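Note that the structure is a prediction, hence the values are computed from the model and not measured. Every heavy atom of this structure was used, including side-chain atoms; hydrogens, water molecules and symmetry mates were not.
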Amino acid sequence: MLKNCCFCINLRTATLVLAVLGAVTNLYSAMTLTVLSDEFDETDTAAMFGITAYSYLSGFACLAGIIGVFKNNVKHLGFFSSFYWADLGLHTLFSIASAVMLFSLHTEICNEVVSEAKDEEFDMDVCESVYISSAWIISLLMAINMLLKLHFAFAIHAYTKSVNKELADNEEESMNQVIVAPYPTAYISSEKVDQKNEPIYVAGQEFVPDEKKQQQS
């Protein structure tokens, strides 16, 4: 299991930093899109609504991660970890689709660029060469981003498992604790009690036997 994030940051700190950054960026994006929602065309309303809703969901998931870190709450951490894996899957699909689109549209884009360019030296071959190189650089950056997110997802998952294991061990330890109560000490008086001389009370009055009455008389 992963013990540190980026080889030097402990898992708790890494999870907290990722949750805080995610909450700030996603909630800010969601509020910005909400404010600017009236400026979008009607055709883009559905897409922007979906992006805004997802941003709010992402922000709340990151807030759950923050609460989970501070309170050692496994449920909140589990929700945050599940969200991070789902978000990683969506970003991976988006990156793959973007890379395929970049490499498939080079001819159309270069035709448009060359037709509008005034430089005669900037022909189709030069444009495609520059475009392909740029597409590879962008694809490489997206791949590095996905690898980093994958590492962060494993770090969050590892921290969630460590908190769960720690709570389970504490619960098991508390159940195994046996409280030994001391035996009560019997007290034996060293003085002999003369039961014959003790007074006997009947109905609230002292009872005097006949023998004792004769002795007193």
Side-chain angles (χ1 to χ4, degrees), residues 1-102 137-174:
M1 186 174 65
L2 196 66
K3 294 183 179 180
N4 289 306
C5 179
C6 300
F7 305 103
C8 60
I9 305 174
N10 66 74
L11 297 178
R12 184 179 187 275
T13 302
T15 303
L16 180 60
V17 170
L18 291 171
V20 171
L21 291 177
V24 172
T25 55
N26 286 297
L27 291 177
Y28 178 77
S29 300
M31 290 185 289
T32 303
L33 291 174
T34 302
V35 173
L36 299 177
S37 59
D38 296 334
E39 300 182 6
F40 295 106
D41 297 334
E42 294 182 357
T43 55
D44 299 331
T45 302
M48 297 311 302
F49 176 78
I51 296 174
T52 304
Y54 183 77
S55 298
Y56 275 115
L57 175 62
S58 302
F60 292 141
C62 293
L63 287 177
I66 296 173
I67 296 173
V69 171
F70 281 115
K71 294 188 175 183
N72 285 343
N73 191 306
V74 178
K75 291 183 179 180
H76 287 75
L77 288 172
F79 177 67
F80 177 53
S81 178
S82 300
F83 154 76
Y84 210 90
W85 281 105
D87 185 69
L88 173 63
L90 290 176
H91 276 79
T92 302
L93 292 176
F94 175 78
S95 298
I96 294 173
S98 298
V100 172
M101 187 177 297
L102 280 174
I137 293 174
I138 295 173
S139 300
L140 181 61
L141 292 176
M142 288 191 297
I144 294 174
N145 182 43
M146 290 301 100
L147 290 176
L148 286 175
K149 289 182 70 69
L150 179 63
H151 177 70
F152 294 153
F154 276 116
I156 296 171
H157 178 69
Y159 177 68
T160 303
K161 288 186 65 176
S162 66
V163 172
N164 190 20
K165 184 177 182 301
E166 181 180 355
L167 293 177
D169 292 341
N170 292 337
E171 183 178 357
E172 184 179 357
E173 183 179 354
S174 62

Worksheet entry | Non-hydrogen atoms of Val69 and Thr15 that approach each other most closely | CG2-CG2, 3.8 Å
Worksheet item: Nearest 0.5 Å, what's the CE-CG distance between Met146 and Leu93?
Response: 10.0 Å
Worksheet item: Taking C-beta and beyond as the side chain, do Leu63 and Leu27 meet within less than 4.5 Å on heavy atoms?
Response: yes
Worksheet, complete the sentence: Quick note, side chain to side chain donor-acceptor pair (under 3.5 Å) partners involving residues 19-29, not counting sequence neighbours, are none
Worksheet item: Do Cys62 and Tyr84 come within less than 4.5 Å of each other through their side chains, counting heavy atoms only?
Response: no
Worksheet entry | Contact summary for Thr92 and Leu88, nearest pair of heavy atoms | OG1-O, 2.7 Å
Worksheet entry | Spacing of Leu90 atom CG and Phe83 atom CZ [to the nearest 0.5 Å] | 9.0 Å
Discussion item. Just to verify, what does Phe154 make a ring-ring contact (aromatic ring centres under 6.0 Å, His included) with, not counting sequence neighbours?
Written reply: Trp85
Fill in: Donor-acceptor contact below 3.5 Å, side chain Ser81 vs main chain Gly78
no
Worksheet entry | Closest contact, heavy atoms only, Ala30 versus Thr52 | O-CG2, 3.8 Å
Worksheet item: Do Ile9 and Asn4 come close enough that some side-chain heavy atom pair is under 4.5 Å?
Response: no
Discussion item. When you compare the side chain of Met31 with that of Val35, does any pair of heavy atoms fall below 4.5 Å?
Written reply: no
Worksheet, complete the sentence: Contacts of Ile51 meeting side-chain contact (heavy atoms from CB on, under 4.5 Å) (sequence neighbours excluded), chain-then-number -> Leu33, Met48, Ser55
Discussion item. To the closest 0.5 Å, what do you measure between CG (Asn10) and NZ (Lys3)?
Written reply: 14.0 Å
Response to the item:
For Cys6, the side-chain contact (heavy atoms from CB on, under 4.5 Å) test, sequence neighbours excluded, returns His151, Phe152
Worksheet entry | Heavy-atom closest contact (Phe80 atom, Leu18 atom, distance) | CZ-C, 4.3 Å
Worksheet item: Does a side-chain heavy-atom distance below 4.5 Å link Lys149 with Asp87?
Response: yes
Item to complete: Mind checking side-chain contact (heavy atoms from CB on, under 4.5 Å) for Phe70 and listing every partner two or more places apart, or none if nothing turns up?
Response: Arg12, Leu16, Ile66
Worksheet item: Roughly how far, to the nearest 0.5 Å, is the CD1 atom of Ile138 from the OG atom of Ser95?
Response: 11.5 Å
Worksheet item: Does any pair with a residue in residues 69-79 pass side chain to side chain donor-acceptor pair (under 3.5 Å), and if so which ones, sequence neighbours excluded?
Response: Asn73-His76
